[in-house]
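Worksheet for the structure shown next.
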Amino acid sequence: MTLASIVFQTSPTPAPVPGSNIFSSPILLSVLLWVPVVVAVAIAVMPNPRGRYDLLMKQIAFFTNLGVVAVMFIAYNQFENFLPTAQYEEKLAWLPSIGVTYHLGVDGPGIVMLLMSGLVGIAAVLASLGVRERVRAYFCLLLLTESAVNGAIVARDMFVLILFWAAAAVPIALLILGWGGPRRNVAAWNLVGFWGVGTAALGIGTLALYGATGGQSFDMDTLLKVNAVTPRIQIAVSLVMIVAAATRLPLFPLHGWVRDVLGEAPVGVAVIVAGASGRLGAFLLLRTVIAAMPAAGHILSPLLAALAALTVAFAGLSALRTADIRHAGAYLSMVPGGITVLGFAAASPLGIAGSVLSLFTGGLAAALIVGVSATLAERAQSRSLFVLSGLAPRMPNVAWLLTIAAFALLGVPILASYSAQVMTFFGAFKTQPIGAFAVAAGLAITAIALAVLLRRVLFGAPNSQAPGVSDASLGETWYLGLLAGALLWVGLFPGGPKIPGTDFPLFDPGLMNQMAAGVSDMTAPYVQPTPTP
Amino acid sequence: MPFILLVPLVSFLLAVSSIRTRRSASAMAMLGTVVTLLLTLLVAWGLTRKSSYAATYRYFDMSVAFQGPTNFQTFGIQLILQVDHLTIAALGVIELCIIAALGWHQVLGRSEPGAARFHAVVTLLLFSSVGVLMSGDLAELFGFWAIAGAMTYLLLEHRWGVDVAATRARVALALPFLTDLSFLCGIAWLYARYGTQTLSALIPILHTNPGWTVRSLVVGSVLLFIGVAGRLALWPFSSWLTQTSTTAPPAAVAIVQSVWSVLAIVVLYRLMPILGASSPQALQMLAVACGVAAVAGALLSMLGNEPRRAVSLAGSGAAAILAAVVIDVYRGPAVFAVAGVAAMLAIAPARAGAFVAISTIASAMRTNDLAEMGDALRRMRASSIALLVSTVVVGLGSASAVAYGISTRSRVGLLLGEAMLLVAIAGLRVFLGAATGPLRRRRAFEPDRVREAPREAVGYPYWLAVGGVAFLVASFVAAWLNFLDGKQHPAPSLAAFGVWLAVPVIGFAACTFAFVRSKDGALAASAVGGAYLARVTAFLQAQFDRFVVSPATDIARRVDNWIPEGDSALGRFITTAGQLALVAARGPAIAFVVVVAVALAVVFALLAPGVAR
């Protein structure tokens with residue numbers, strides 16, 4: 001069997017979506033994972049005398065991401081949303097003596113995360129087109145970052161997950177150290193410190209599960225089998241996993257890296273950290289605590305609700321009092337994470353389903369607010385909110401995108417985050433009404449913070465002492481528009497556009513349909529019985 | 001029918017994508033509104049043959065569980081568009097108010113900045129208003145409600161270059177957002193208990209769904225009521241309207257007042273089966289709350305001499321009376337709940353007309369103080385008459401609803417009667433202050449230069465007032481109520497009409513008597529009251545800032561500083577560890593291991609003397 005025949009195979013089962021059956025492959029996920037790594041290595045070894053091929057390297061990185069996103073989209077289209085099990089599985093024995101396998105696969109939430117990661121990745125590349133120094137190293141590290149994040153999403157073996165989870169921190173820290181702002185050292189060490197703690201927690205939790213399940217295998221099908229361990233161990237492991245997730249998402253009080261990292265990192269790095277890398281924390285919670293340890297999920301739901309409420313409230317208050325627009329964007333990017341965790345705290349099928357959707361919408365919204373804040377600061381040549389004022393007439397594109405970002409954070413209808421927040425709140429009100437009220441109050445504070453920010457930066461009286469400003473460039477408009485457009489698209493067509501007069505999907509099967517695969521099985525332990533009259 | 005919803009949306013998209021000049025923006029907005037009105041009339045003609053239209057579009061459906069109660073196994077939001085007589089009447093009133101306000105703004109709003117933005121926002125507000133009125137799904141309704149709320153904020157903070165306008169507009173965002181969140185919480189609360197948010201499916205199962213309790217219905221009802229009360233601007237939720245009444249463009253405030261009066265009362269009417277199913281005590285409490293809001297709104301209107309604020313609060317008082325009627329009738333057979341809606345269809349254009357008229361007068365007289373106004377009846381006759389007719393409609397408007405639905409012998413009736421009296425006084429006070437008495441010369445102001453508004457603009461407040469009169473007369477006719485809700489309504493006795501009409505008339509008479517005796521004395525008393533109110537408000541605001549806002553932001557600041565201090569320690573630790581590692585790597589390995597082992601042994605011995613022994 002040649003490589004070509006392995007890579008390009010028709011799918012064994014016909015898919016119902018027009019345009020499906022384009023191709024499938026038994027190594028599709030590995031292709032998505034390792035092609036960016038191969039390209040990164042190729043870029044690293046390419047000769048580039050005096051930066052002659054900088055533009056070529058940017059183009060290579062861009063088209064690599066474009067190809068990866070195209071393959072992701074095809075995988076998303078051909079995904080069978082009626083199957084609860086993982087799809088596109090690949091399994092090879094790696095370290096059989098300790099039970100480690102190279103096991104990859106995606107289910108409904110996984111395909112949603114993968115698609116979001118792809119969109120954020122290509123946005124990060126577009127946002128980085130303005131990099132002028134050490135272009136080769138920059139894009140090499142950026143591609144490695146994307147690969148590590150994608151690996152953490154598709155990993156079905158906890159050992160492999162830990163490797164990718166930890167691996168994501170290294171290139172990000174190097175990117176910040178090499179291309180960050182004046183406080184890049186502080187930011188990089190903050191990142192390493194907090195994410196190191198999270199990785200250690202993840203490792204401890206994994207080893208505890210490994211020991212409790214007989215020490216045979218690190219495979220998620222074994223370690224994360226529903227109720228595989230006693231409730232006491234579930235609670236202990238869940239607490240550790242919450243620490244790991246809280247350092248990555250982030251959640252209050254383990255959010256200390258957010259302001260410095262997202263404030264000092266280059267724009268593309270900030271976008272990918274806030275968007276895709278941050279959502280890994282919530283994804284970990286979903287996989288380990290919610291899906292696999294429902295007893296602990298029920299008991300710890302008040303803790304999760306409290307963390308969610310504190311995160312949203314703190315983010316709103318901090319954004320309200322900060323005087324730096326990038327810091328404001330960094331704090332505001334914490335809000336979607338809080339809402340996602342509220343859905344987990346709801347411990348109800350609707351709440352969990354809403355959280356799965358908010359993995360996608362929250363990632364895009366967080367990436368958008370961070371990206372537009374950073375772009376605005378660059379274009380206005382100032383980060384201080386005492387200097388930035390009345391910019392809307394001179395920066396109409398940025399003004400629109402900042403407004404859309406604000407609406408996305410608040411869950412305004414027409415944008416995808418509306419559906420996610422409605423489902424989350426509706427699901428949370430039955431089981432965690434106090435937490436839901438508290439998060440709603442935090443959202444009110446966030447709304448005030450956003451109103452103050454928009455009024456001051458965009459709609460206030462122009463500041464004659466401010467430096468000259470220019471609107472977003474074409475590349476910047478494209479990457480921000482891509483994120484906003486994705487939110488708008490899913491907001492308008494959550495079930496996918498249909499051929500008029502039929503229920504036949506047009507070219508998008510619908511994010512809500514695809515993400516449903518496996519969600520019903522995850523939520524089965526959380527179904528409340530019918531009340532007796 | 002969906003075109004009624006799509007036309008304003010298309011108008012908005014055209015406005016934001018291609019239109020830049022004032023005239024073209026105004027023309028596009030007017031065209032969109034007029035076309036929507038024509039479509040409304042077309043549907044109204046179609047409704048002569050059918051009682052209602054309905055169309056359902058699936059937004060999304062998702063299966064979330066395979067077990068458990070059937071209602072909770074799937075979740076979906078449907079776009080349910082329903083049109084009946086009430087919807088058409090409400091839509092017609094909203095469209096007429098917007099057309100009049102836009103027409104007035106075309107002439108007298110020329111100096112306002114951002115014409116393209118203003119008109120685009122108005123068309124999107126119209127789109128969302130249509131959506132609210134036609135929605136049959138609560139989540140869908142909230143979606144349109146939230147869009148309308150966002151557009152309201154953008155209208156009220158329109159003068160973004162002026163700091164005081166932008167600062168005051170923050171209240172217009174924060175306060176309604178809180179009440180809208182309460183509305184969302186109410187919908188979520190009901191969904192959590194019943195598993196559906198479609199009104200037609202929810203109402204029949206309110207008392208039959210397993211696990212329902214009176215407590216859950218009461219909590220949901222209160223949350224929904226707070227959401228509606230916020231948008232009706234009932235006291236104490238009225239500050240978002242009063243704070244922006246002088247800082248926002250007058251046409252914007254007029255549109256917002258009239259549109260939300262209609263939207264909120266119709267939504268309250270449609271939600272009343274849910275509120276009515278809770279408990280009679282809860283209904284009484286809500287009705288009394290509305291009555292108190294009406295009295296408070298009217299009293300606050302009489303404190304202070306800012307005419308636009310006074311008109312807004314008087315209208316808010318009238319709206320509160322009607323909300324009380326709609327709620328209180330549900331303690332009984334609930335036949336006359338639609339009377340409250342019918343009366344609001346009269347008051348809404350009157351509120352807009354009164355606001356626009358007094359804005360015209362205030363602009364011509366270059367003052368926002370009633371004490372400095374006067375003689376408008378002679379100098380600006382058309383605007384004054386429009387103001388008079390509008391304020392009379394606001395004062396009389398609630399009489400029909402109260403006559404239909406409230407007993408003269410009940411406590412709620414007593415409370416509402418008092419409120420009607422005060423609303424009548426508060427409304428007419430504005431006219432008497434502006435239109436009667438001398439117009440005195442002030443510094444840099446010559447009274448003889450006060451002229452009526454341009455002919456192109458003077459008719460709009462007048463026609464709004466006439467529209468209010470027409471709907472007011474209709475609200476007294478039982479056939480109009482029959483048309484609105486498709487049920488038969490017996491006409492109340494003439495004595496009831498007489499009693500409830502007499503109350504505002506007495507209020508008008510009392511106010512007229514006070515102003516005839518001493519206009520300056522009446523206004524001076526209001527000024528003193530207003531100054532005292534301002535002092536109390538400032539004191540309360542300062543206490544709120546001191547005990548709530550500042551501590552909260554201070555806590556956030558301290559936590560935010562605490563974390564980097566910890567980070568610094570962590571960073572120093574990491575740096576030190578790294579440096580030690582480098583030293584260890586360079587030094588002799590065996591010696592280093594021996595040193596570390598000895599050090600660990602000493603530490604272990606110190607900490608565990610029992611083991612060392």
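Protein chains get the first letters and strands the later ones, always in sequence-line order, with residue 1 at the start of each.
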Go through the atoms of F437(A) and report whether side chain, backbone, both or neither lie under 4.5 Å from a heavy atom of chain B.
side chain
Contact check, side chains of F429(A) and C185(B), non-hydrogen atoms, under 4.5 Å:
yes
Interface check, chain A: of I187(B), L184(B), D61(B), most non-hydrogen pairs under 4.5 Å belong to I187(B)
Best-contacting candidate, A139(B), G149(B), A146(B), against chain A by heavy atom pairs under 4.5 angstrom:
A139(B)
Just give me the residue among A353(A), A444(A), A428(A) that pairs up with chain B most often, heavy atom to heavy atom, under 4.5 Å.
A444(A)
By a 4.5 Å heavy-atom criterion (distance strictly below it), what part of V186(A) contacts chain B: side chain, backbone, both, or neither?
neither
Take I448(A) and F177(B) through the test side chain to side chain contact (heavy atoms under 4.5 Å, CB included) and record every step on the way to the result.
CA-CA 9 Å; I448(A) 295 169; F177(B) 188 80; over 6 Å; no
When every non-hydrogen atom of L173(B) is compared with those of A447(A), the smallest separation belongs to CD2-O, 3.5 Å
Evaluate the side-chain proximity of P494(A) to Y59(B): yes if any heavy-atom separation is below 4.5 Å, no if none is.
yes
Nearest heavy atoms of K430(A) and R193(B), plus distance in Å:
CA-NH1, 3.9 Å
Quick one: what part of I414(A) sits under 4.5 Å from any heavy atom of chain B, side chain, backbone, both or neither?
side chain
For N185(A), which atoms come within 4.5 Å of any heavy atom of chain B: side chain, backbone, both, or neither?
neither
Could you check which of A436(A), A451(A), G495(A), G390(A) has the highest count of heavy-atom pairs closer than 4.5 Å to chain B?
A451(A)
Based on non-hydrogen pairs under 4.5 Å, which of Y526(A), F425(A), Y418(A) is most in contact with chain B?
Y418(A)
Using 0.5 Å steps for rounding, measure from the OH atom of Y153(B) to the CG atom of L454(A).
7.0 Å
Chain B contacts, top residue of P433(A), S419(A), G196(A) (heavy-atom pairs, under 4.5 Å)
S419(A)
Part of L79(B) within contact of chain A (heavy atom distance under 4.5 Å):
neither
Out of the candidates W189(B), F72(B), Y194(B), Y191(B), only one should pair with F426(A) under the ring pair (Phe, Tyr, Trp, His ring centres under 6.0 Å) rule; please name it.
Y191(B)
Do other residues, nucleotides or ligands put more than 12 heavy atoms under 6.0 Å from the CD1 atom of I434(A)?
no
